[in-house]
Q: 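The structure that follows is given in the form of C-alpha cells.
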Protein chains: 2
Amino acid sequence: MAGTTINHQMDFYSKYPKTLVAVDSIIFGFNQNDLELKLLLLKRNFEPAKGEWSLMGGFLQPDESLDDAAKRIVLQLTGLADVYMEQLYAFGELDRDPGGRIVSISYFSLIKINEYDRQLAKENGARWIPLSEIPELIFDHSEMVENALRKLRIRARTQPIGFELLPEKFTIPQLQRLYEAIYQMPFDKRNFRRKLLSMGLLEKMDEKEKETSKKGAYYYQFNKEKYEELLQKGFNFEL
Amino acid sequence: MAGTTINHQMDFYSKYPKTLVAVDSIIFGFNQNDLELKLLLLKRNFEPAKGEWSLMGGFLQPDESLDDAAKRIVLQLTGLADVYMEQLYAFGELDRDPGGRIVSISYFSLIKINEYDRQLAKENGARWIPLSEIPELIFDHSEMVENALRKLRIRARTQPIGFELLPEKFTIPQLQRLYEAIYQMPFDKRNFRRKLLSMGLLEKMDEKEKETSKKGAYYYQFNKEKYEELLQKGFNFEL
DNA sequence: CCAAAAGTGTTCATCGTACACCCATGT
DNA sequence: ACATGGGTGTACGATGAACACTTTTGG
C-alpha cells in the first residue's frame, strides 16, 4: 500500500516505517435480572491463540479513523450503530501479541443489553460474561479490561453515562442497582435518590414498572437537553 | 519491512494493512521567575508545514514501544532521560496531517526546567512559550495541547505530580505559585499550606531560600517513599 | 524604620453519611 | 393479612472556604 494517496493527501512520509494498528473494544452491558455488569467476550476463531477468550478487535483500515474502526467493530459484533464509546489507551509494547508487532488502541462501549443482535453475537462466538467470572484473556486484554473498568468507575461518577446501559425509561431502584454493580458496593437508597433527583436531570413519567414489586416504581427518563444546557452554565454531574 | 520477524514473533498478520504511527510530546516546564507554565515548542524544519509551530514528535520505530518512542523524543529535544510522562490520547482522523495518513499518540511530560539541555533544544529550534502566548500550531496539535492541559489539571489535583516541575527542594510559596500557574487562579496561602502539610508528604529542611524574600522561606522535599507507603494503605492525594 | 514576603487559627456554611419507618399492592 | 420492594426526612460530623495580623530581615 505504500505510496497510495488518500483524500488528496501528499506522501511526505513514505520512507518511514509503518506499523500494524488494531482497535480492541471492551463492551459493557447490564442485565437487570442478575444485577451484574457484564462484558461481551469472544472465543478467538483464528490463530494465534485460537480458542482462547479475548476482546472483540480488528485492524485499522487505511480509509477509516480510529473512532470509525471502533464503531465498525462494535457494529460487527452487536448490530448496534449508535453506541456510547470512549477511547481508553494505546497499548504499544513490542511483544504484546506473539503473532506480530501490533499497536492496539482500546475503546470501551456501553450498550443497552436488550437491544443488541443476539444472532450476530452468537455467530461470532461471543458471550456475555459477568465481571466476577471473567476468564484469563489473551495477550494484554486482561489489562485492557482492568483499565476500562477503572475508567468506567471514574466516568460514571462524574458524567451521566450510566443511562447508556439502561433502557430509555428506568426506575430509580434499577439505576441504583446498576451503580451498585459498577462499584461493587451498596448505596443508601435515600441518599442515592435525593442526589440524583436534586440535579433535575430525570423526568418522572406517569407509568410504573410493576414486574419487580407489587407497589411498582415510577419510570424516569434522562433529559439530555437539560443536561447540555446545564453544562453550559458550569454544572458538574457528580454522584 | 513487511515480513520482518522481530523478537521471535510469528507473522500471522502480514496480509493486513499497516499505518504510520507517530508520537507527539507536550512538554511542560515551570519557571519560577515569571510564574508561568510553559510549553517547549518548535518550528518545523521539514515539509509539510515547514516553518510553522508544532509539538516535538517522531515516528514509531519497529523496535521500540510507544513509551520508548515518547522517551526518545523527549531525550532528543531536552537531553533528559528520566522524565515524568503520561500517555494521553491516540489521534486518528484520516486527514489530520496533510502529509499523509498518520495515527499519532500524544504524551505529556513534566520537566524540571533548570535541568534541560539548552544547547540541544536550541539546535532543534525549540523555544519555551508561556501558556498565554501559544501560537497557532500545525494540524491538530492545538487540540493535543488543550487536551494535555485538561489532563494535567485533573492529575495535579489527585496525584503528587507538581513536584516533577520543581527542583528537588522547594518552598511552599514556590509550590503554591506553580499550582496557581497550572489552574490560573489564586489560592489562599493558609489553606494551601495546611492542606499540603497535613498529608505528611513534605519534609521540612533546615535551609532557607532567601532570594525572593528577606525573611526567607524554608525548603521542603517531597518524600516519595512515604507517598508509596500511604498509597498502599488507601491514601488519596487530593489538593 | 520600612517594605516585602513568610507564616499562622478560627469561624461558618456546605455536603456527605448514617439511619428507621410507612406505603401500596399482588397473592 | 402479609410479604415485598418503593418511597420519604433529619441530625451530626467532616470538610472546604473565607478572612487579618504578626514575624523576619535586607536595604
Side-chain angles (χ1 to χ4, degrees), chain A residues 31-35 153-154 156-158 166-167 169-181 183-221 230 234-239, chain B residues 32-35 153-154 156-158 166 169-181 183-221 230 234-239:
Chain A
N31 186 323
Q32 289 156 233
N33 300 324
D34 44 18
L35 306 180
R153 285 177 176 146
I154 292 171
R157 267 197 213 283
T158 56
L166 293 174
K169 50 186 193 182
F170 51 84
T171 68
I172 307 283
Q174 280 172 358
L175 188 62
Q176 181 173 346
R177 285 191 286 268
L178 166 63
Y179 275 89
E180 289 176 338
Y183 293 105
Q184 312 247 48
M185 59 164 70
F187 289 89
D188 180 282
K189 63 178 176 171
R190 284 169 288 195
N191 295 339
F192 184 83
R193 176 183 293 265
R194 179 180 27 247
K195 201 164 198 175
L196 267 160
L197 292 180
S198 74
M199 292 188 277
L201 294 174
L202 299 186
E203 277 174 8
K204 191 177 188 173
M205 303 174 71
D206 292 329
E207 201 184 347
K208 276 189 168 184
E209 186 274 332
K210 307 220 37 161
E211 310 265 309
T212 46
S213 86
K214 327 214 155 169
K215 183 176 177 181
Y218 282 106
Y219 278 118
Y220 286 79
Q221 269 181 311
L230 287 175
F235 169 79
N236 269 325
F237 181 92
E238 180 97 44
L239 188 99
Chain B
Q32 288 155 234
N33 299 326
D34 43 19
L35 306 181
R153 285 176 177 148
I154 293 172
R157 266 195 212 285
T158 56
L166 293 175
K169 51 185 193 181
F170 51 85
T171 68
I172 307 282
Q174 280 172 356
L175 188 62
Q176 179 172 349
R177 286 190 283 269
L178 166 62
Y179 276 89
E180 289 176 337
Y183 293 105
Q184 311 246 48
M185 58 164 70
F187 289 89
D188 180 282
K189 63 177 176 170
R190 283 168 288 193
N191 295 339
F192 184 84
R193 175 184 294 264
R194 178 180 29 246
K195 201 164 199 174
L196 266 159
L197 292 180
S198 73
M199 293 189 276
L201 295 173
L202 298 187
E203 277 173 8
K204 191 176 186 172
M205 303 175 70
D206 292 329
E207 203 182 346
K208 276 188 169 186
E209 186 275 333
K210 306 218 38 161
E211 309 267 308
T212 47
S213 85
K214 327 213 155 167
K215 184 176 178 181
Y218 282 106
Y219 278 119
Y220 286 80
Q221 269 180 311
L230 287 175
F235 170 79
N236 269 325
F237 182 92
E238 180 97 44
L239 188 100

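The analysis underlying the following values was restricted to heavy atoms, covering all of them including side chains, and did not include hydrogens, waters or symmetry mates. Residue numbers begin at 1 in each chain, while the letters A, B, ... track the order of the sequences.
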Q: Whole Å only: how far is the CZ atom of Phe187(A) from the C1' atom of dC19(C)?
A: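 Interatomic distance, CZ of Phe187(A) to C1' of dC19(C): 17 Å.
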
Q: Below 4.5 Å, heavy atoms only, C-beta onward: do Leu202(B) and Ile172(B) meet side chain to side chain?
A: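 In contact.
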
Q: Could you tell me the separation between the CG atom of Leu196(A) and the C1' atom of dT8(D), rounded to a whole number of Å?
A: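 One finds 16 Å between C1' of dT8(D) and CG of Leu196(A), rounded.
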
Q: Could one point to a donor on the side chain of Arg190(B) or the base of dA17(D) with an acceptor on the other under 3.5 Å away?
A: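 Answer is no: no donor-acceptor pair is held.
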
Q: Check the distance between dG5(D)'s P and Glu180(A)'s CD and give it to me in whole angstrom.
A: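 Taking CD of Glu180(A) and P of dG5(D), I get 14 Å after rounding.
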
Q: Under 4.0 Å from OP1 or OP2 of dG16(D): is there any side-chain N or O of Lys195(B) that close?
A: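 Looking at the OP1 and OP2 atoms of dG16(D), one of them is under 4.0 Å from a side-chain N or O of Lys195(B).
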
Q: Separation of Glu209(A) atom CD from dT4(D) atom C1', in whole Å?
A: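 My rounded result for the distance is 13 Å.
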
Q: Please name all residues satisfying side chain to side chain contact (heavy atoms under 4.5 Å, CB included) with Asn33(A), sequence neighbours left out, ordered by chain then number.
A: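 Only Asn31(A) meet the side chain to side chain contact (heavy atoms under 4.5 Å, CB included) criterion with Asn33(A).
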
Q: Heavy-atom nearest nucleotide on DNA chain D for Leu197(A) versus Thr212(A): which residue maps closer to 5'?
A: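 Here Thr212(A) is the residue nearer the 5' end.
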
Q: Out of dG7(D), dA3(C), dA6(C), which has the shortest distance to the side chain of Arg177(B)?
A: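 Selected nucleotide (nearest to the side chain): dA6(C).
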
Q: How is Lys189(B) classified with respect to the nucleic acid when contacts are heavy atoms under 4.0 Å: base, sugar-phosphate, or nothing?
A: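 The answer is base, as Lys189(B) lies within the cut-off (heavy atoms under 4.0 Å) of a base atom.
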
Q: If the cut-off is 4.0 Å, is Arg194(B) near the phosphate of dG9(C), judged by side-chain N/O to OP1 or OP2?
A: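 No, no such contact exists.
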
Q: Output the rounded distance in Å from CD (Gln176(A)) to P (dG5(D)).
A: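 Gln176(A) atom CD is separated from dG5(D) atom P by 14 Å.
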
Q: Tell me whether Arg177(B) forms a cation-pi arrangement with Phe170(B), defined as NZ or CZ under 6.0 Å from the six-membered ring centre and within 45 degrees of its axis.
A: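 No, Arg177(B) does not sit over the ring of Phe170(B).
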
Q: Which one, dT17(C), dG7(D), dT25(C), comes nearest to the side chain of Lys210(A)?
A: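 Taking heavy atoms from C-beta onward, the closest nucleotide is dT25(C).
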
Q: More 5' along DNA chain C: Thr171(B) or Asp188(B), using each one's nearest nucleotide?
A: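 Looking at DNA chain C, the more 5' nearest nucleotide goes with Thr171(B).
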
Q: Does a side-chain N or O from Lys215(B) land closer than 4.0 Å to OP1 or OP2 of dG26(D), or not?
A: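 For Lys215(B), the contact criterion (side-chain N or O under 4.0 Å from OP1 or OP2 of dG26(D)) is not met.
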
Q: Between the main-chain N or O of Leu197(A) and the side-chain N or O of Tyr220(A), is there a donor-acceptor pair closer than 3.5 Å?
A: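 Here the side-chain-to-backbone pair does not exist.
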
Q: Does dG6(D) have OP1 or OP2 sitting under 4.0 Å from an N or O in the side chain of Lys214(A)?
A: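 So the side chain of Lys214(A) is outside the cut-off, no N or O lying under 4.0 Å from OP1 or OP2 of dG6(D).
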
Q: Which whole-number value in Å describes the distance from Arg193(B) CZ to dG16(D) C1'?
A: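 One finds 19 Å between C1' of dG16(D) and CZ of Arg193(B), rounded.
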
Q: Over how many whole Å does the gap from Lys208(B) atom NZ to dG26(D) atom P extend?
A: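 After rounding, the gap between these two atoms is 10 Å.
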
Q: Going by the side chain to side chain contact (heavy atoms under 4.5 Å, CB included) test, name the single residue among Lys204(A), Lys208(A), Glu209(A) that passes it with Tyr219(A).
A: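 Of the listed options, the one satisfying the test is Glu209(A).
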
Q: Using atom CG of Leu175(A) as one end and atom P of dG7(D) as the other, report the distance to the nearest whole Å.
A: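 Value for this atom pair: 12 Å.
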
